[in-house]
Amino acid sequence: QKEVEQDPGPLSVPEGAIVSLNCTYSNSAFQYFMWYRQYSRKGPELLMYTYSSGNKEDGRFTAQVDKSSKYISLFIRDSQPSDSATYLCAMEEYNFNKFYFGSGTKLNVKP
Amino acid sequence: KAGVTQTPRYLIKTRGQQVTLSCSPISGHRSVSWYQQTPGQGLQFLFEYFSETQRNKGNFPGRFSGRQFSNSRSEMNVSTLELGDSALYLCASSLEGLTEAFFGQGTRLTVV
């Protein structure tokens, strides 16, 4: 079993839709949870990070962490064609200095 | 401020050769980590350096090695290249830990 599981998609939505992206994990020691966006032929770009459980909002993006269920989500409101990319979740144990990535979900927002 | 710079951007090597990739972190960042990205395996952690010391490493063979210099620039080396080493190699830098790590554009290595 992989440490981090993420549905690869592709996920296709119309412009303006609310998008929900999710990851599950098996290691209860994970404390930091990150979401990255990667455009084709580019390096990943950090969108949000969350420490432990809870919600964090930044503009159209909301990250949620439910440690009891070992489940994290990224919500994108009012999705735009420019949001079309692959979204990667990443996790880290406290002070362990090693990332575990999900396989990425490819999102396509249609105009 | 300048982002993470990786050189070269593209590389073609022959099986059995060795290769060295370079990563210049964001100014002030002392942690540099390396990753291999392939369509089949996704993003996999190679190793992380902080102040010239390797703090953690992933599950890769000893052919993959790295180092960090006193100015925080880092290099990774792959010896005796295999076809399966063809991938996008990414480095990321951060202030101390991996949280809020910023990635470079990557070096695309093709082994023929």
Side-chain angles (χ1 to χ4, degrees), chain A residues 1-10 21-25 27 29-54 56 58 61 63 65 72 85-106, chain B residues 2-7 9-10 21 23-26 29-51 53-60 66 68 74 87-108 110:
Chain A
Q1 183 190 7
K2 281 189 172 181
E3 299 254 12
V4 181
E5 299 278 0
Q6 185 175 9
D7 188 333
L21 303 165
N22 312 293
C23 288
T24 58
Y25 62 95
N27 186 349
F30 286 145
Q31 295 280 358
Y32 294 99
F33 305 90
M34 278 68 64
W35 285 97
Y36 284 85
R37 176 174 64 194
Q38 187 174 24
Y39 292 111
S40 182
R41 301 192 174 279
K42 301 284 188 182
E45 170 194 7
L46 178 65
L47 284 175
M48 302 185 71
Y49 85 93
T50 311
Y51 171 69
S52 195
S53 282
K56 188 172 184 178
D58 184 2
F61 299 91
V65 175
I72 70 169
T86 296
Y87 289 79
L88 298 148
C89 62
M91 307 182 187
E92 184 194 3
E93 295 180 40
Y94 177 72
N95 225 23
F96 201 58
N97 305 308
K98 181 177 180 178
F99 265 170
Y100 293 85
F101 278 89
S103 55
T105 299
K106 189 167 185 177
Chain B
V4 179
T5 303
Q6 290 187 246
T7 56
R9 289 291 311 277
Y10 302 92
L21 311 181
C23 175
S24 293
I26 292 171
H29 285 191
R30 295 164 66 191
S31 169
V32 174
S33 50
W34 288 89
Y35 305 82
Q36 181 194 67
Q37 187 173 33
T38 59
Q41 299 296 318
L43 256 167
Q44 292 186 284
F45 175 84
L46 280 156
F47 25 67
E48 188 261 357
Y49 288 88
F50 180 84
S51 291
T53 300
Q54 186 183 88
R55 294 197 293 190
N56 211 331
K57 59 180 294 199
N59 298 324
F60 279 83
Q68 187 181 34
S74 178
L88 180 66
Y89 289 88
L90 292 156
C91 82
S93 78
S94 55
L95 282 171
E96 292 191 3
L98 290 188
T99 311
E100 292 195 283
F102 295 87
F103 281 81
Q105 299 281 51
T107 294
R108 186 163 295 280
T110 302

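In the displayed structure, A/K56 atom NZ is contacted under 6.0 Å by more than 12 heavy atoms of other residues, nucleotides or ligands. Around the CZ atom of B/F60, the shell of radius 6.0 Å holds more than 12 heavy atoms that belong to other residues, nucleotides or ligands.
Summarising the geometry, atom CD belonging to B/E100 is positioned 9.5 Å from atom CE belonging to A/M34; distances are rounded to the nearest 0.5 Å. Taking CD from A/E92 and CG from B/N56, the interatomic distance works out to 9.0 Å, rounded to the nearest 0.5 Å. Annotation: the span from B/Q37 atom CD to A/L88 atom CG amounts to 6.5 Å, rounded to 0.5 Å. Put simply, NZ on B/K57 and NZ on A/K98 are 10.0 Å apart, with the number rounded to the nearest 0.5 Å.
Applying the side-chain hydrogen bond (donor to acceptor under 3.5 Å, both in side chains) rule to B/S51 yields the partners B/R30; only residues at least two apart in sequence or on another chain are considered. Checked against side-chain hydrogen bond (donor to acceptor under 3.5 Å, both in side chains), A/Q6 has the following partners two or more places apart in sequence or in another chain: A/T105.
Using a 4.5 Å cut-off between heavy atoms, B/A101 contacts chain A through both its backbone and its side chain. Of the atoms belonging to A/F33, not a single heavy atom falls under 4.5 Å from chain B. In this structure, chain A has heavy atoms under 4.5 Å from both the backbone and the side chain of B/L43. Looking at A/E45, there are no atoms closer than 4.5 Å to chain B (heavy atoms on both sides), in backbone or side chain. Of the two parts of B/Y35, only the side chain, counted from C-beta on, holds a non-hydrogen atom closer than 4.5 Å to a non-hydrogen atom of chain A. With a 4.5 Å cut-off on non-hydrogen atoms, A/F99 touches chain B through its backbone and its side chain both.
Looking only at heavy-atom pairs under 4.5 Å with chain B, the residue among A/A90, A/G43, A/S103, A/P44 that has the most is A/P44.
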